[in-house]
Amino acid sequence: MSFKDLRQFLDYLAERGELVTIDEPVDPRYEVAAYIRKSSDLGGPTLLFKNVRGFDMPVVGGVFCSPKKALLALETTDHREAVARFAAGLHEPIEPRRVASGPCKEIKLVGDEVDLTRLPICTYGEQDGGAYITVGVGISKDPETGVPNAGMYRMHYYDRQHTGLRISPYADLHVMLARAEAQGRPLEHAVALGVDPLVQLASQAHVPYGTNEVAIAGGLRGEPVEVVACETVDLEVPATAEIVLEGRLLPGERRWEGPFGEFTGYVSPATNSPIFECTAITMRQGAIFQAGLTGAPVTENHVLKFLPLEANLLAALRETYPGVTDVNCVPESGEFLVVIALKQRYANEAKNVLLNALGSVVHPKMVVVTDDDVDIHNMTQVWWAILTRCQPAEDVIIVPRAAGGQLDPSAPAPFTNSLMGMDATRPFGKPFPEVVRIPGVEQVPDFWRRLGARG
Ligand SMILES: Cc1cc2nc3c(=O)[nH]c(=O)nc-3n(C[C@H](O)[C@H](O)[C@H](O)COP(=O)(O)O)c2cc1C
Ligand SMILES: [Mn+2]
């Protein structure tokens with residue numbers, strides 16, 4: 001059984017003490033963001049704001065404010081199991097099923113009724129250029145093949161019917177817009193806000209161009225995601241979305257979008273960006289608006305990415321290096337740091353693994369490879385391995401001027417990073433001191449419970 005909508009997931013979080021309802025009035029300008037920031041920093045709960053100043057609509061923020069929430073979206077608290085489940089979904093997509101109608105059609109606003117000021121669009125950072133929609137799943141179809149694509153692209157609120165849209169040159173949507181513009185046509189685009197958590201996670205999957213990420217969500221779920229046809233554009237959206245914005249990206253038109261507090265933790269300047277023109281808004285009764293924070297790690301911008309990236313990189317590396325046992329796309333590093341555990345098969349294999357991971361879709365800035373006896377999700381152990389198994393003069397690779405770690409403020413020019421790999425494995429086939437062993441540690445699995453029983 002998986003969550004059929006965001007509301008079911010919020011109930012599930014509440015049952016586990018992972019959601020708190022806030023009845024006091026909060027301001028959509030900075031205050032919602034400040035609460036989410038605090039909860040993200042403390043590994044705290046998702047926040048349901050019932051009383052947002054100036055709006056009847058509740059706001060939920062921090063749905064993915066801590067890594068645990070991403071595991072819970074897959075109904076587990078075990079990291080490895082979550083990665084395995086994500087990998088299974090990635091490799092067995094299930095195409096969405098079109099249904100006649102759904103909850104997201106309960107309220108329909110078209111024509112002059114389209115008014116984005118009805119939505120409690122939040123302002124996050126002090127330096128931001130305005131209010132932003134940040135965690136909508138944006139859906140478009142390739143203008144030539146008609147294959148749908150989904151991802152998250154932030155939207156800078158301009159007026160009742162217009163927003164900016166930031167599209168990274170790495171994103172598939174970038175290719176789609178370029179194809180539509182080459183034909184001189186607008187690109188239809190629909191944004192589903194407040195969708196079930198697996199659709200949100202699947203939107204971050206790095207799948208080949210021509211794969212619909214909503215089908216990945218189906219694969220994760222083990223059954224198709226139900227989708228409904230839009231009112232004003234030829235697109236399908238998840239039927240249980242809280243809010244759907246339908247519209248199109250205007251060909252050849254650009255406007256200043258930004259500045260914005262990025263996932264790197266730094267503000268990036270305004271750039272000339274495509275414009276989204278909204279042609280319809282549809283909603284559920286009692287719709288909940290989903291807000292999402294971006295900024296210094298860890299925020300939901302990082303948490304939404306690490307599972308898809310780990311599942312992807314693990315599968316890709318294993319094709320060539322079957323000894324890779326685990327991958328950590330460290331959320332606290334904004335995925336600039338990747339740690340890999342390897343059961344070595346031959347001398348210097350770790351260096352090849354490093355080079356492969358540095359050039360992967362993750363675009364990390366630093367990669368560390370350790371032996372498979374290291375728990376790479378425990379940074380204390382990772383540091384121990386680096387400091388005891390790596391000789392910097394021999395085992396560190398530095399690659400000058402490569403495209404990686406996007407928006408890295410220390411990069412001298414866009415797509416111009418230097419990358420670093422650290423081989424923190426023992427020399428293959430050579431003697432190396434044994435690791436200290438304490439017999440019986442594994443036999444104390446219920447340590448805290450035993451202490452509690454004694455106290
Ligand atoms: C909260 C959040 C916000 C994001 N904002 C943007 C954005 O504004 N622009 C962008 O290109 N990618 C953004 N991303 C990353 C893309 O959604 C992600 O790379 C996705 O896989 C792109 O899909 P595509 O390659 O199918 O277009 C964001 C991700 C998250 C989790
Ligand atoms: Mn895609």
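Any value given below was found using the heavy atoms of this structure, including those in side chains, with hydrogens, waters and symmetry copies removed. In each ligand, atom 1 is the first atom listed, and ligand 1 is the first ligand listed.
- In this structure, Arg7 does not pair ionically with Asp11, as no charged nitrogen and carboxylate oxygen lie closer than 4.0 Å.
- Atom OG1 of Thr264 is separated from atom CZ of Phe336 by 6.5 Å, given to the nearest 0.5 angstrom.
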Taking only distance into account, with no hydrogens and no angle test, what donor-acceptor pairs under 3.5 Å do side-chain atoms of residues 101-108 form with protein atoms, sequence neighbours excluded?
from, atom 1, to, atom 2, distance (Å)
Lys105, NZ, Ala229, O, 2.7
Lys105, NZ, Glu231, OE2, 2.8
Glu106, OE1, Gln285, N, 2.6

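- Ring geometry for His79 against Phe306 counts as tilted: the plane angle lies between 30° and 60°, on a 0 to 90° scale.
- Within 4.0 Å of ligand 1, protein heavy atoms belong to Thr134, Val135, Asn149, Ala150, Gly151, Met152, Tyr153, Arg154, Arg166, Ile167, Ser168, Ala171, Asp172, Leu173, Ser203, Gln204, Glu213, Asn301, Leu304, Lys305, listed by chain and number.
- Pairs engaging residues 45-69 under the salt bridge (Lys or Arg N to Asp or Glu O under 4.0 Å) rule: Glu18-Lys68, Glu18-Lys69, Asp27-Arg53, Glu31-Arg53 [sequence neighbours left out].
- The Mn ion (ligand 2) has Asn149 OD1, Asp172 OD2, Glu213 OE2 as its protein N, O or S neighbours under 2.8 Å.
- Aromatic ring orientation, Phe415 versus Tyr170: perpendicular (interplanar angle above 60°, classes split at 30° and 60°).
- For Tyr124 and Tyr132, the ring centers are positioned 6.0 Å apart or more.
- Salt-bridge check for Glu335 with Lys305: failed, with every basic side-chain N at 4.0 Å or more from each acidic carboxylate O.
- Remark: Arg255 qualifies as a cation-pi partner of Tyr158 under the 6.0 Å distance and 45° angle criteria applied to the six-membered ring.
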